[in-house]
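Position 1 is the first residue of the sequence; numbering continues from there.
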Amino acid sequence: MEFGTILNRDLLDPLVSEATWIVGQGVLRADIPTTEDIAAFIAPAPLVAAAPDAVALD
């Protein structure tokens, strides 16, 4: 069995959707997050060091 990890823009859409839902439910008082807001919390350096081809956040 082979497992792989990728980090690309496709990950950000569901995270933005979830964060938008949380704000909409009143769980947090915040502005609706953008893709850039969520991307600021992701640290790609460890995966880039291990597998540079697995990261495509540009």
Side-chain angles (χ1 to χ4, degrees):
M1 192 173 283
E2 185 176 318
F3 293 95
T5 301
I6 60 170
L7 182 57
N8 61 27
R9 286 281 194 196
D10 292 340
L11 173 67
L12 295 177
D13 289 336
L15 291 174
V16 169
S17 179
E18 290 293 320
T20 299
W21 180 83
I22 289 169
V23 170
Q25 294 298 306
V27 175
L28 298 172
R29 290 183 187 177
D31 294 331
I32 300 297
T34 65
T35 301
E36 290 75 24
D37 294 334
I38 299 298
F41 289 97
I42 296 174
L47 186 55
V48 169
D53 293 339
V55 180
L57 287 177
D58 299 328

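- Put simply, the residue from L11, D10, T5 that forms a side-chain contact (heavy atoms from CB on, under 4.5 Å) with L7 is L11.
- Grouping Ile, Leu, Val, Met, Phe, Trp and Tyr residues whose side-chain heavy atoms lie under 4.5 Å apart, directly or via other members, places I22 in a hydrophobic cluster with W21, V27, L28.
- Take D13 and apply the side chain to side chain donor-acceptor pair (under 3.5 Å) test, not counting sequence neighbours, and it matches no residue.
- With sequence neighbours excluded, the residues forming a side chain to side chain contact (heavy atoms under 4.5 Å, CB included) with T20 are V16, I32, P33, listed by chain and number.
- In this structure the side chain of R9 reaches within 4.5 angstrom of the side chain of L12, judged on heavy atoms.
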Contacts table for residues 36-49: side-chain donor-acceptor under 3.5 angstrom, sequence neighbours left out:
from : atom 1 : to  : atom 2 : distance (Å)
D37  : OD1    : T34 : OG1    : 3.4
D37  : OD2    : T34 : N      : 2.9
D37  : OD2    : T34 : OG1    : 3.2

